Amino acid sequence: MTQTESTAPITPSFITVDGLTKRFGTTLALDGVDLRLAKGETLAIIGPSAAGKSVLMKCLVGIYGPDSGTIVLDGDDVSKPNADKRPEWASKIGMLFQQNALFDSLTVWENICFRQIELGTMNRSQAKAHAIDLLGHVGLAEESATLSPSDLSGGMQKRVGIARAISSDPAVLLLDNPTAGLDPVLSNHIELMIAKIAEQRGTTVISITNDMQIARHRYQNLMMMHNGKVYWSGPTSTIDDAHNDHLTQMLKGSSHGPITMRAGKRDDGVYA
């Protein structure tokens with residue numbers, strides 16, 4: 001099946017992905033993925049397990065280099081990890097991993113400003129003050145700054161992960177299931193916080209989500225992936241007129257349709 005895109009007014013593209021392909025051995029994780037996103041816009045990526053969502057995210061951040069295709073960020077070709085502009089863009093991208101990836105040996109504030117401390121762009125006193133300020137933005141008390149991640153609940157760890165992701169005021173924010181495992185009330189709170197960050201800071205946000213209501217109502221655009229391909233992409237306002245079997249099945253959570261399940265591994269990122 002060919003991928004289907006909705007028709008929408010053309011706006012200047014801040015993130016441009018063309019024909020992105022990535023293999024791991026005999027597994028084709030990304031199969032000709034295209035993406036266009038304007039500066040300051042938000043995008044939700046949905047799809048079943050083994051769709052290629054996390055692999056796409058890791059290609060965008062530079063963890064993986066694509067086998068073919070291009071990634072252009074605000075006019076800079078960063079397709080390969082060794083691209084001239086890749087180091088510069090590394091400092092402009094914030095990422096929240098699904099499992100938060102907090103360092104157990106560091107305090108909360110050290111986790112949040114780990115990048116600044118390692119690069120020497122802030123001394124420890126400045127970094128701690130900056131982290132405490134960010135804790136307020138994600139709804140956590142100043143007292144939590146000196147705790148260790150193991151002292152926090154899952155929801156609190158998620159918010160610390162978001163604080164770290166935005167600590168360098170990134171131009172692009174990548175979120176891998178920011179509300180995974182959280183209750184509906186906390187999920188809604190975190191998504192509202194993400195929307196506020198995007199609006200106030202003009203941040204371009206791409207988020208993988210399994211919550212179809214959040215995908216519909218909290219993001220301006222949506223991309224539907226399956227087996228490494230994009231089957232639909234466009235503004236969320238046009239979803240009801242899409243008439244796309246893959247999209248409809250995913251939004252309804254139905255077991256009947258073109259999407260079939262296969263065994264996969266999420267932890268190594270290959271099939272995710």
Side-chain angles (χ1 to χ4, degrees), residues 39-44 54 57 60-61 63 88-211 213-214 217-219:
K39 184 174 177 59
E41 286 193 335
T42 60
L43 169 71
S54 293
M57 196 83 83
L60 289 173
V61 79
I63 295 174
E88 180 181 336
W89 272 100
S91 65
K92 296 180 180 180
I93 298 176
M95 184 164 184
L96 172 70
F97 295 91
Q98 183 174 355
Q99 302 302 324
N100 305 319
L102 301 178
F103 300 106
D104 292 334
S105 59
L106 301 180
T107 63
V108 165
W109 76 263
E110 289 170 325
N111 267 281
I112 292 173
C113 287
F114 174 80
R115 177 186 290 182
Q116 290 87 342
I117 294 170
E118 285 296 299
L119 295 177
T121 56
M122 290 183 179
N123 61 39
R124 292 181 63 82
S125 177
Q126 292 170 329
K128 186 174 183 179
H130 183 51
I132 289 172
D133 178 63
L134 289 170
L135 285 172
H137 286 287
V138 298
L140 291 176
E142 178 178 341
E143 291 73 22
S144 61
T146 55
L147 299 177
S148 64
S150 61
D151 296 323
L152 307 178
S153 68
M156 293 172 74
Q157 289 184 17
K158 190 74 68 174
R159 282 185 271 181
V160 171
I162 293 173
R164 182 173 65 183
I166 65 173
S167 65
S168 60
D169 197 19
V172 179
L173 184 59
L174 305 178
L175 307 168
D176 193 345
N177 274 306
T179 59
L182 303 182
D183 64 76
V185 173
L186 185 53
S187 294
N188 191 50
H189 173 80
I190 285 180
E191 288 294 345
L192 284 171
M193 182 178 65
I194 291 168
K196 186 177 180 180
I197 290 168
E199 181 179 357
Q200 291 182 343
R201 301 184 178 214
T203 308
T204 305
V205 178
I206 300 177
S207 179
I208 296 170
T209 182
N210 294 321
D211 190 315
Q213 289 302 309
I214 283 176
H217 301 296
R218 298 296 183 201
Y219 290 85

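In what follows, every heavy atom counts, from backbone to side chain, and hydrogens, waters and symmetry copies are set aside. As the structure is a computational prediction, the values presented were derived from the model and not from experiment. Just so you know, residue 1 is the first one in the sequence shown, and it goes up from there.
The two residues A127 and I117 come nearest to each other via the heavy atoms CB-CG1, 3.9 Å. Between P170 and I93, the shortest heavy-atom contact is CB-C, 3.9 Å. Here the shortest heavy-atom pairing between W109 and K128 reads CE3-CA, 3.4 Å. Nearest approach of L173 to A165, heavy atoms of both residues: CD1-CB, 3.6 Å. Nearest heavy-atom pair, M57 versus L175, reported as atom, atom and distance to 0.1 Å: CE-O, 3.2 Å. Of all non-hydrogen atoms in T204 and G40, the two that sit nearest each other are OG1-N, 2.8 Å.
To the nearest 0.5 Å, atom CG of residue D176 and atom CD1 of residue I208 are 4.0 Å apart. E191 CD to L186 CG: the interatomic distance, rounded to the nearest 0.5 Å, is 10.5 Å. Considering CG of L134 and CG of L140, their distance stands at 11.0 Å, rounded to 0.5 Å. A distance of 11.0 Å separates CD1 of I166 from CG of L96, quoted to the nearest 0.5 Å. To the nearest 0.5 Å, atoms CZ (R164) and CD (E110) are separated by 12.5 Å.
Q126 and H130 share no donor-acceptor pair across their side chains, judged by distance under 3.5 Å alone. Donor-acceptor pairing under 3.5 Å is recorded for the side chains of R115 and S168.
For S148, the side chain to side chain donor-acceptor pair (under 3.5 Å) partners are S150, D151, not counting sequence neighbours. Applying the side chain to side chain donor-acceptor pair (under 3.5 Å) criterion to N210, with sequence neighbours excluded, gives N177.
Residue Q157 forms a side chain to side chain contact (heavy atoms under 4.5 Å, CB included) with just one option from L102, N111, I162, and that option is L102. For the side-chain hydrogen bond (donor to acceptor under 3.5 Å, both in side chains) with R218, the qualifying choice from T42, D211, N188, T179 is N188, the only one to do so.
Looking only at side-chain heavy atoms (C-beta outward), R159 and H189 come within less than 4.5 Å of each other. Counting only heavy atoms from C-beta outward, the side chains of V138 and K158 never approach each other to under 4.5 Å. Between I194 and P178, the closest side-chain pair of non-hydrogen atoms falls below 4.5 Å. Between W89 and V61, the closest side-chain pair of non-hydrogen atoms is not below 4.5 Å.
Annotation: E88, atom CD; neighbour count of heavy atoms from other residues, nucleotides and ligands within 6.0 Å is above 12.
The backbone N or O of V205 sits nowhere less than 3.5 Å from a side-chain atom of T203 that would complete a donor-acceptor pair. Not a single donor-acceptor pair under 3.5 Å links the side chain of T209 to the backbone N or O of A44.
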